[in-house]
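Quick note on labels: first sequence line is chain A, next is B, and so on, each numbered from 1. On a predicted model such as this, the values are computed, not experimentally measured, just so you know.
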2 protein chains.
Amino acid sequence: MSITKDKARRLLRENSLRVTGPRLAVIEVLAEANKPLSYGEVLKRMGSTDWDPATVYRNLVKLREAGLAPVVSRAAGSDRYVFSPGKGAVHRHPHFVCDDCGEVSCLPTNLTSSISMEGPWAVSIQQAAVQLRGECPDCMDRKYLGRT
Amino acid sequence: MSITKDKARRLLRENSLRVTGPRLAVIEVLAEANKPLSYGEVLKRMGSTDWDPATVYRNLVKLREAGLAPVVSRAAGSDRYVFSPGKGAVHRHPHFVCDDCGEVSCLPTNLTSSISMEGPWAVSIQQAAVQLRGECPDCMDRKYLGRT
DNA sequence: TCCAAAAAAGCAAACAACTTGCATCTGCAA
DNA sequence: TTGCAGATGCAAGTTGTTTGCTTTTTTGGA
């Protein structure tokens with residue numbers, strides 16, 4: 001899922017945000033990734049186009065505030081943004097967090113999940129997003145049981 | 001779940017770790033918490049007993065390496081340790097991560113969950129731990145849709 | 001087309017949380 | 001009791017994120 005510069009411009013205007021180089025670049029990166037990216041990941045993907053890191057950071061915040069880039073995952077300690085053209089559009093499906101590389105992927109929709117419980121936690125969990133962590137056997141040994 | 005100093009001593013010896021003040025203190029904190037704690041959280045709970053932060057940190061690493069404090073959650077970006085007297089004892093049940101306060105809680109066992117899917121992700125997910133994120137409606141507005 | 005105000009960019013530096021280096025100290029096996 | 005591998009404490013290094021401040025740019029209006 002990418003986005004035309006024109007559409008990006010329009011979206012920004014519609015949300016009373018000025019159209020600037022870095023801003024368009026950030027939107028482009030998010031739109032092309034099509035999965036949740038952290039500030040750091042966005043930065044990496046901006047690579048050669050060397051916009052200022054602080055600017056990228058502040059643009060993510062702005063876009064989030066405008067509803068154009070909601071945070072849909074906080075795995076691994078940092079907020080992860082997705083591009084969301086439609087203001088209220090929800091990005092709510094299971095994510096897979098790799099304990100190895102730390103990447104967060106959107107799981108295909110052919111995943112079947114059902115979770116239910118009783119008691120005090122039930123309410124919270126109704127609002128919870130399912131997040132799966134994975135680890136290959138190697139990683140498990142290395143990181144979880146403490147082998148070096 | 002707390003632990004007697006004697007038992008702690010014995011466990012350390014059995015794992016060829018020396019018995020030291022900070023080490024016993026770390027074990028005590030983990031054992032009393034009875035839920036996954038990050039380095040930072042352990043530090044907070046050590047509070048008045050002012051052992052050196054670096055020492056606490058290195059003790060967590062040591063305990064993990066010995067299998068006495070496996071990492072069972074990496075929510076919010078930092079490893080979270082639980083005390084585990086039995087060497088191979090697995091601590092594998094769903095956790096609930098509060099997006100508000102960041103705390104990780106062990107969910108009661110009356111939770112029913114089933115997750116299944118086909119395709120390339122299936123393998124990874126067989127090894128995944130279920131982790132639920134929760135957020136009250138307020139937090140959702142404030143943090144996830146970008147209201148200030 | 002030009003201008004002023006507000007917003008955004010860029011640079012540098014502050015932070016927070018975690019990690020590591022190193023000199024000194026100590027638990028414990030011999 | 002003693003030697004020494006293993007542990008501690010202090011300080012400083014990392015990494016990744018966030019903020020302050022000055023300059024530059026965008027944009028609506030003259």
Side-chain angles (χ1 to χ4, degrees), chain A residues 5 8-27 36-47 49-66 68-69 71 73-81 101-104 143 146 148, chain B residues 5-6 8-27 36-46 49-66 68-69 71 73-81 101-104 143 146 148:
Chain A
K5 283 244 195 285
R9 271 174 222 282
R10 182 153 33 81
L11 279 170
L12 288 177
R13 294 266 170 67
E14 284 170 7
N15 288 275
S16 358
L17 290 179
R18 291 186 179 175
V19 176
T20 67
R23 197 157 282 168
L24 288 174
V26 168
I27 289 182
L37 297 183
S38 65
Y39 156 65
E41 289 165 343
V42 170
L43 213 53
K44 275 200 202 72
R45 296 190 177 216
M46 308 266 300
T49 79
D50 83 322
W51 301 108
D52 190 274
T55 299
V56 170
Y57 175 79
R58 276 189 269 234
N59 271 315
L60 284 171
V61 172
K62 272 291 178 193
L63 291 173
R64 185 187 61 205
E65 286 174 355
L68 290 174
V71 170
S73 162
R74 316 188 75 190
S78 32
D79 293 344
R80 281 190 160 72
Y81 308 80
C101 54
E103 279 203 16
V104 175
K143 298 185 186 162
T148 42
Chain B
K5 283 243 194 288
D6 266 4
R9 272 175 220 281
R10 182 152 34 81
L11 280 170
L12 288 175
R13 293 265 171 66
E14 283 170 9
N15 288 277
S16 358
L17 290 179
R18 292 187 181 173
V19 177
T20 68
R23 197 156 281 169
L24 287 174
V26 168
I27 290 182
L37 296 183
S38 65
Y39 156 65
E41 290 166 341
V42 170
L43 213 52
K44 275 198 201 75
R45 297 191 177 217
M46 309 263 301
T49 79
D50 84 321
W51 299 110
D52 191 274
T55 299
V56 170
Y57 175 79
R58 276 189 271 232
N59 272 315
L60 284 171
V61 173
K62 272 291 179 192
L63 291 173
R64 184 187 64 205
E65 285 173 356
L68 290 175
V71 169
S73 163
R74 314 188 79 192
S78 32
D79 293 343
R80 281 190 160 71
Y81 309 80
C101 54
E103 280 203 13
V104 175
K143 298 187 185 162
T148 40

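Between D:dT17 and A:Tyr39, no contact under 4.0 Å exists linking OP1 or OP2 to a side-chain N or O. An OP1 or OP2 oxygen of D:dT8 is reached within less than 4.0 angstrom by a side-chain nitrogen or oxygen of B:Thr20.
B:Lys62 places its NZ atom 16 Å from the P atom of C:dT19, with the value rounded to the nearest Å. The nearest whole Å value for the distance from the CG atom in B:Leu17 to the P atom in D:dA5 is 17 Å. Between the CG atom of A:Leu43 and the P atom of D:dT18 there is a distance of 12 Å, rounded to whole Å. Taking atom CG of B:Asp52 as the reference point, atom P of C:dC25 lies 15 Å away to the nearest angstrom. Nucleotide C:dC18 holds its C1' atom 14 Å from the CZ atom of B:Arg80, rounded to whole Å. At whole-Å resolution of the value, CG in B:Leu37 and C1' in C:dA17 are 16 Å apart. Atom pair B:Asn59:CG and D:dG6:C1' shows a separation of 11 Å (rounding to whole Å applied). As rounded to whole Å, 16 Å separates atom P of C:dT26 from atom CG of B:Leu24.
With A:Arg9 contributing its side chain and A:Val19 its backbone, the two residues share no donor-acceptor pair below 3.5 Å. Listed for the A:Arg64 side chain is no donor-acceptor partner under 3.5 Å among the backbone atoms of A:Val71. In this structure, the side chain of A:Asp52 engages the main chain of A:Ala54 through a donor-acceptor pair within 3.5 Å.
On a pure distance criterion of 3.5 Å, a polar donor-acceptor pair joins the side chain of A:Arg58 and the base of D:dG20.
Considering only the side chain of B:Arg13, C:dC28 comes nearest among C:dA9, C:dC28, D:dA7. Side chain of A:Tyr57, nearest nucleotide from D:dT19, D:dC10, D:dA5: D:dT19. The A:Arg18 side chain lies nearest to C:dA8 when the options are C:dA9, C:dC11, C:dA8.
For the atom pair CG (A:Leu12) and CD1 (A:Ile27), the distance works out to 4.0 Å, reported to the nearest 0.5 Å.
Nucleotides of DNA chain C nearest to A:Ala54 and B:Val19 differ in position, and the one nearer the 5' end is that of A:Ala54.
The residue B:Pro22 sits close only to the backbone: its heavy atoms come under 4.0 Å of sugar-phosphate atoms, none of a base. Across all strands shown, B:Thr55 has heavy atoms under 4.0 Å from base atoms, whether or not it also approaches the sugar-phosphate.
In plain terms, the two heavy atoms of A:Tyr57 and A:Tyr39 that are nearest each other are CB-CE1, 3.6 Å.
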